[in-house]
A.B. asks: 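Next up is a structure, given as structure tokens.
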Amino acid sequence: MALYAIGDLHLSLSVNKPMDVFGPGWANHVQRLEEAFSQLTAEDVTVLCGDTSWGMALRESLEDFRFIDRLPGKKLLVKGNHDYWWTTAAKMTRFFQDNGVTTIGILHNNCHAYGDYALCGTRGWFYEEEQSGHNEKVLNREVGRLEASLKAAEGRKILAFLHYPPLYTGYRCPEILRTLEAYRVERCFYGHLHGPTHKRAIEGTVEGVSYALVAADYLRFAPKKIID
């Protein structure tokens, strides 16, 4: 059994949203994901760090979920800024059950145990959100969701998974960073950054927390192994 992470699959099997318009790096990305996941086993766990499907509603995203369900192992979903299909955890869980999707779970206001570790996460906060009229409200909500997830760890060692990077060349979100540090998170994985912005990602240990970018195009569509 091994633990993996990858974000930003940007699947669109039922909608017209081809990703290769963003450059040759995205060519055949669904096939490349499928080939990379074929190396995993049914016992492995992969955290998907947001922006999973371009569907605007659960039903529109169903073929994307079925594709993910066919990939080996269990998958845990974190919300991304483009996951417009996202609704309550109860509704998503029921939708998966009603449609025979058996290998997908939700990481939202909760945590999942993996051996001695707790897998925690939420969407997070990024400077893009500051364009909205309710930035403080949304920021406080995300900090609260992260803290709820971290509290659920109940003494286990913590791995955190976000969609938005909590730090970035020229930008930091002090509220998210303080929360990660206060709960002694060992490692934090994030997505959202694509193409030219990869070079602005911050990786390595900062104030005791180790950070890593796991956006799919950064990983060349192969999930990053975290724990053997």
A.B. asks: Calculate, to the nearest 0.5 Å, the distance between atoms NE2 and CG belonging to H112 and L76 respectively.
C.D. replies: 5.0 Å
A.B. asks: If we only count heavy atoms from C-beta on, is the L3 to D44 side-chain gap below 4.5 Å?
C.D. replies: no
A.B. asks: Ring centres of W26 and F221 under 6.0 Å apart?
C.D. replies: yes
A.B. asks: Less than 4.0 Å between a side-chain N and a carboxylate O, is that true for R32 and E35?
C.D. replies: no
A.B. asks: Kindly work out whether a path of hydrophobic side-chain contacts (I/L/V/M/F/W/Y, heavy atoms less than 4.5 Å apart) joins M56 to M19.
C.D. replies: no
A.B. asks: With salt bridge (Lys or Arg N to Asp or Glu O under 4.0 Å) as the rule and sequence neighbours excluded, what pairs involving residues 206-228 come up?
C.D. replies: K225-D228
A.B. asks: Side chains of L48 and V78: closer than 4.5 Å at any heavy-atom pair?
C.D. replies: no
A.B. asks: Any chance NZ of K91 has more than 12 other-residue heavy atoms, nucleotides or ligands included, within less than 6.0 Å?
C.D. replies: no
A.B. asks: Is there a side-chain contact between F161 and L119 in this structure, where contact means two heavy atoms from C-beta onward sitting under 4.5 Å apart?
C.D. replies: yes
A.B. asks: Any side-chain heavy-atom pair from K17 and H82 closer than 4.5 angstrom?
C.D. replies: no
A.B. asks: Can you confirm if the aromatic rings of F126 and Y171 lie within a centre distance of less than 6.0 Å?
C.D. replies: yes
A.B. asks: Under 4.5 Å between any side-chain heavy atoms of L150 and R184, yes or no?
C.D. replies: no
A.B. asks: Run the salt bridge (charged side-chain N to carboxylate O under 4.0 Å, His left out) test against D116 and tell me which residues pass, sequence neighbours left out.
C.D. replies: none
A.B. asks: Please name the residue in the list V185, L159, T205 that meets the side-chain contact (heavy atoms from CB on, under 4.5 Å) test with S210.
C.D. replies: T205
A.B. asks: Given side chains that start at C-beta, do those of W86 and I106 come closer than 4.5 Å, heavy atoms only?
C.D. replies: yes
A.B. asks: Output yes when E142 and R145 qualify as a salt bridge under the 4.0 Å nitrogen-oxygen rule, no when they do not.
C.D. replies: yes
A.B. asks: For the pair D69 (side chain) and T102 (backbone), establish whether a donor and an acceptor sit closer than 3.5 Å, ignoring hydrogens and angles.
C.D. replies: yes
A.B. asks: With a 4.5 Å limit on heavy-atom distance, are the side chains of L11 and I68 in contact?
C.D. replies: yes
A.B. asks: Quick check on the hydrophobic clustering: are Y84 and L77 connected, directly or via other members, by side-chain heavy-atom contacts under 4.5 Å?
C.D. replies: no
A.B. asks: With a 4.5 Å heavy-atom cut-off, do L180 and L146 have their side chains touching?
C.D. replies: yes
A.B. asks: For the residue pair F65 and F96, does the interplanar ring angle fall in the parallel (under 30°), tilted (30 to 60°) or perpendicular (over 60°) class?
C.D. replies: perpendicular
